[in-house]
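What follows is a short report on a single structure.
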Amino acid sequence: MNQKILLITPPFTQLNTPYPATMYLKGFFNTRGIASVQADLGIEVILRLFSSEGFCSLFQYIEENKPELSSNAQRMVSLKRDYIQTIDAAIAFLQDKNSTLAQVICEGSFLPEASRFTEETEELEWAFGTMGTRDKARHLITLYLEDISDLIIEAVDPQFGFSRYAESLGRCATSFDALEERLNAPASFVDEILLSLLQEKINQEKPTVVGLSVPFPGNLYSALKCGQWLKANHPEIKVVMGGGYPNTELRSLREELLFKYVDFVTLDDGELPLLRLLEYFEGKCKLDDLKRTFTLLNDEVCYLNESDEKDFPQSEVGTPDYSDLLLDKYLSVIEIVNPMHRLWSDGRWNKLTLAHGCYWGKCSFCDCSLDYIRRFEPNSAALICDRMEAIIRQTGQNGFHFVDEAAPPALLRDLALEILRRGLRVSWWTNIRFEKNYTADLCALLKEAGCIAVSGGLEVASDRLLKLINKGVTVAQVAKVADNFTQCGIMVHAYLMYGFPTQTDRETIDSLEMVRQLFQEGVLQSGFWHLFTMTAHSPIGLNPQPFGVQAIKNKGKFANNDVPHIDRIGADHQMFGEGLRKSLFNYMHGVGFDIPLSQWFDFKVPVTTIPSNFIQKALAAPDETGLPLNRQVIWLGNLPEIRFYEKKKKGKTVQASELIFHNKKYDLALKVSQDLGRWLAEAMTSISLQSDKPVKLQQLKESYESAKLGDFQIFWNSRTVEELRENGLLLL
């Protein structure tokens with residue numbers, strides 16, 4: 001194939017790590033021998049703007065255009081020399097290239113300071129006890145960058161943002177008019193940087209096709225700006241747009257104006273649609289053979305999807321390829337000091353998917369009808385580990401963010417065992433459902449295999465509404481599972497929701513009380529409240545009537561995903577937002593638990609009906625009783641040395657044995673009879689990580705009883721087994 005595709009992530013997504021879509025596609029193209037290169041123009045624009053040269057241009061632009069400035073902005077302009085002299089060193093520090101600067105930054109004499117520093121005093125004081133010098137320095141530099149961001153927004157480009165650009169133009173854009181107006185206005189200061197970088201890429205790579213990945217509304221404007229420049233300067237290059245934004249927002253696309261900026265828009269997984277397009281460009285297939293693709297034919301938007309060809313199975317899409325990306329140039333920032341929130345912005349994580357789609361796929365607020373949720377296809381643990389090893393070799397970094405909708409617990413179990421058997425030293429985090437399969441033993445296994453954090457949806461923290469949502473969990477169950485993770489040292493973040501249809505004032509306050517107790521009991525470390533949004537492709541959006549809401553028809557020619565609606569039964573949800581945010585901020589800091597819930601709000605709220613010990617009782621409830629004979633038994637530790645000896649007991653000589661297990665921190669010594677010692681030594685070999693065959697507890701019971709060692713139930717409840725359980729004997 002003679003085509004060469006340039007895959008671009010336009011500004012902006014994250015500062016600390018690239019968005020994975022282009023790596024996935026490049027990995028797939030590698031399997032097909034198709035030439036491809038990729039670029040994250042987001043980080044490249046940031047690096048060019050946030051440099052001494054970029055700051056010189058920025059301040060010169062402000063001085064030439066003379067915008068009206070606030071006193072805060074005037075202060076920064078007056079400190080321009082200090083900003084120009086410090087920015088390169090500050091950026092290098094965030095890239096882990098100038099670590100010796102930490103002490104000077106923390107002393108407060110290095111960075112110029114504006115309003116962001118005064119706003120953060122309370123949180124910094126709280127963090128002094130938990131943050132090291134380097135972390136504190138990174139947080140201070142983050143405030144410094146946010147100060148400059150405020151200046152850019154005020155004086156240069158009101159649409160600027162580190163993780164989004166012109167987001168308001170893409171969010172809820174049923175009409176294309178606002179985008180069209182902005183695209184045809186003179187290029188902004190930031191636009192000029194973007195387009196100069198794009199020109200460099202085109203001149204260097206000479207692609208025949210440019211693929212624009214648009215994951216979020218905050219990438220849309222920049223993508224179209226790139227398309228506009230390409231159409232004006234390189235009309236021979238085909239421009240294709242895909243990604244999360246088109247997949248959700250543009251499924252009913254009818255807007256002809258969009259195709260002034262792009263030639264094609266693809267939906268869902270991009271591998272097959274892009275492959276067919278490349279073949280079409282070479283004359284190897286017809287328009288009718290295209291897959292899930294919009295284009296303009298005879299001045300009318302047409303959707304081409306006649307092909308019945310299935311998408312490539314996950315085993316054939318290849319390993320994500322990070323080449324071409326500036327992996328050593330990403331910025332590890334600390335926006336806020338909460339340890340769980342930091343994972344989104346601190347450190348560069350390799351992105352990988354365990355399974356396509358969601359194994360649950362039933363939540364009424366979720367886009368369950370769309371392919372990225374509906375079509376569940378897990379990878380094998382062995383294939384995932386193969387890809388992890390390949391990515392580690394390529395990037396030199398062993399941290400992974402598994403970006404699944406919800407990681408399947410059975411697959412996580414198998415993956416953890418495979419990681420341990422291969423001796424991989426990795427750290428990872430992922431999104432989960434708080435389901436009962438996350439037992440204390442499974443959580444311990446995941447921790448041993450490198451899991452450092454999980455996030456999951458508690459949503460409304462109300463059993464009635466969780467049932468209406470079809471979440472498949474209860475608040476008590478969430479508490480138990482969160483506690484299992486926390487007890488193993490795995491951080492837990494909860495996605496929280498308010499404003500779900502029919503949610504009353506009292507249920508909102510009851511949900512807050514549940515959240516208060518979860519933090520007070522220490523089973524949650526982080527959380528975030530989201531206001532419910534009804535989407536067109538969710539069960540509630542497709543059929544709102546059973547949920548007590550009325551959809552407001554507002555369908556336009558461009559984006560159609562968010563569905564305005566009227567909740568005739570529930571509360572005035574908007575007014576609860578600030579009180580929920582403020583209370584959660586305090587709970588995450590470990591304070592405010594004794595403050596009455598009503599004091600978080602500036603209006604009268606109902607008294608909670610939740611007992612003050614609800615979560616405490618849920619955590620104290622006993623787990624399953626009896627022997628779980630169908631569970632697999634795994635020993636994580638080293639195999640024991642066994643020593644036989646004789647001892648006197650009540651005047652008689654008794655044959656005894658001692659099993660010594662050498663662990664990382666200490667040795668475990670178990671003294672048992674010789675017969676039990678022999679059986680234990682053999683049993684530990686059969687259930688070790690390196691054993692080829694899984695062993696169920698039932699098989700262990702039968703083996704014990706065949707050795708005529710007595711009642712297995714008594715043995716399983718003995719101090720010997722208790723010590724083994726405390727040191728790595730798991731039931732999975």
Side-chain angles (χ1 to χ4, degrees), residues 1-14 17-48 193-215 219 222-231 233-244 246 261-266 269-282 312 317-330 348 350-352 387 390-391 393-397:
M1 186 172 285
N2 297 320
Q3 303 292 331
K4 181 179 183 181
I5 185 167
L6 170 60
L7 301 165
I8 290 175
T9 305
F12 291 111
T13 48
Q14 289 177 266
T17 199
Y19 192 78
T22 62
M23 290 98 77
Y24 285 11
L25 291 171
K26 184 173 175 61
F28 169 74
F29 288 138
N30 291 345
T31 69
R32 298 280 159 164
I34 298 171
S36 66
V37 290
Q38 62 184 328
D40 180 358
L41 291 186
I43 191 63
E44 295 196 39
V45 168
I46 290 295
L47 293 176
R48 187 157 293 186
I193 296 175
L194 167 65
L195 297 178
S196 67
L197 284 164
L198 176 61
Q199 183 174 8
E200 291 173 16
K201 299 294 179 188
I202 298 300
N203 292 342
Q204 177 182 338
E205 304 297 344
K206 298 179 172 53
T208 60
V209 181
V210 169
L212 298 167
S213 176
V214 184
N219 304 92
S222 292
L224 297 181
K225 199 67 184 175
C226 290
Q228 182 185 49
W229 185 89
L230 288 166
K231 289 295 180 188
N233 295 277
H234 293 275
E236 75 283 2
I237 296 177
K238 299 298 183 183
V239 182
V240 186
M241 185 171 80
Y261 309 97
V262 300
D263 297 298
F264 300 91
V265 176
T266 66
D269 289 5
E271 289 86 358
L272 184 56
L274 281 173
L275 184 61
R276 290 293 161 265
L277 275 170
L278 294 177
E279 292 172 345
Y280 170 68
F281 298 151
E282 292 197 336
F312 293 99
V317 297
T319 300
D321 186 343
Y322 282 76
S323 59
D324 312 320
L325 297 173
L326 309 177
L327 296 184
D328 61 339
K329 300 290 181 66
Y330 283 86
R348 205 204 62 71
N350 297 317
K351 307 279 188 174
L352 200 57
R387 290 174 175 173
I391 291 171
R393 286 194 297 270
Q394 185 184 50
T395 67
Q397 293 172 304

Problem - side-chain hydrogen bond (donor to acceptor under 3.5 Å, both in side chains) partners of Glu44, counting only residues at least two apart - result: Lys201
Exercise for the section: Applying side chain to side chain contact (heavy atoms under 4.5 Å, CB included), run through Ser213 and Ile8 and close with a yes or a no. Expected result: CA-CA 6 Å; Ser213 176; Ile8 290 175; over 6 Å; no
Problem - Candidate pair Phe281 and Phe264, rule ring pair (Phe, Tyr, Trp, His ring centres under 6.0 Å), full reasoning - result: CA-CA 12 Å; Phe281 298 151; Phe264 300 91; 5.7 Å; yes
Handout entry: Gap separating the CG atom of Leu275 from the CG atom of Leu25, nearest 0.5 angstrom
Key = 11.0 Å
Problem - Lys26 side chain vs Gln38 backbone, donor-acceptor pair below 3.5 Å - result: no
Exercise for the section: To the nearest 0.5 angstrom, please state how far the NZ atom of Lys351 sits from the CD1 atom of Ile391. Expected result: 12.0 Å
Handout entry: side-chain hydrogen bond (donor to acceptor under 3.5 Å, both in side chains) partners for Lys4, two or more places apart
Key = Glu205
Exercise for the section: Measure from the side-chain N and O atoms of Asp40 to the backbone N and O of Pro18, and report whether any donor-acceptor pair falls under 3.5 Å. Expected result: no
Practice task
Applying side chain to side chain contact (heavy atoms under 4.5 Å, CB included), run through Gln199 and Trp229 and close with a yes or a no.
Solution key: CA-CA 9 Å; Gln199 183 174 8; Trp229 185 89; 3.6 Å; yes
Exercise for the section: Look up atom CG in Leu41 and atom CD1 in Ile46, then write down how far apart they are to the nearest 0.5 Å. Expected result: 12.0 Å
Practice task
Examine distances only and state if a side-chain atom of Glu236 and a backbone atom of Thr208 form a donor-acceptor pair shorter than 3.5 Å.
Solution key: no
Handout entry: Arg348: partners by salt bridge (charged side-chain N to carboxylate O under 4.0 Å, His left out), with sequence neighbours left out
Key = none
Exercise for the section: May I ask you to check whether over 12 heavy atoms, not counting those of Tyr280, lie within 6.0 Å of atom OH? Expected result: no
Exercise for the section: Please check if any side-chain donor atom of Gln394 sits under 3.5 Å from a side-chain acceptor atom of Asp321, or the reverse. Expected result: yes
Practice task
Check each of Tyr24, Phe29, Phe28 against Phe312 using the ring-ring contact (aromatic ring centres under 6.0 Å, His included) test, and report the only one that passes.
Solution key: Phe28
Exercise for the section: Please determine if Arg48 and Glu200 form a salt bridge, counting it only when a charged side-chain N lies under 4.0 Å from a carboxylate O. Expected result: yes
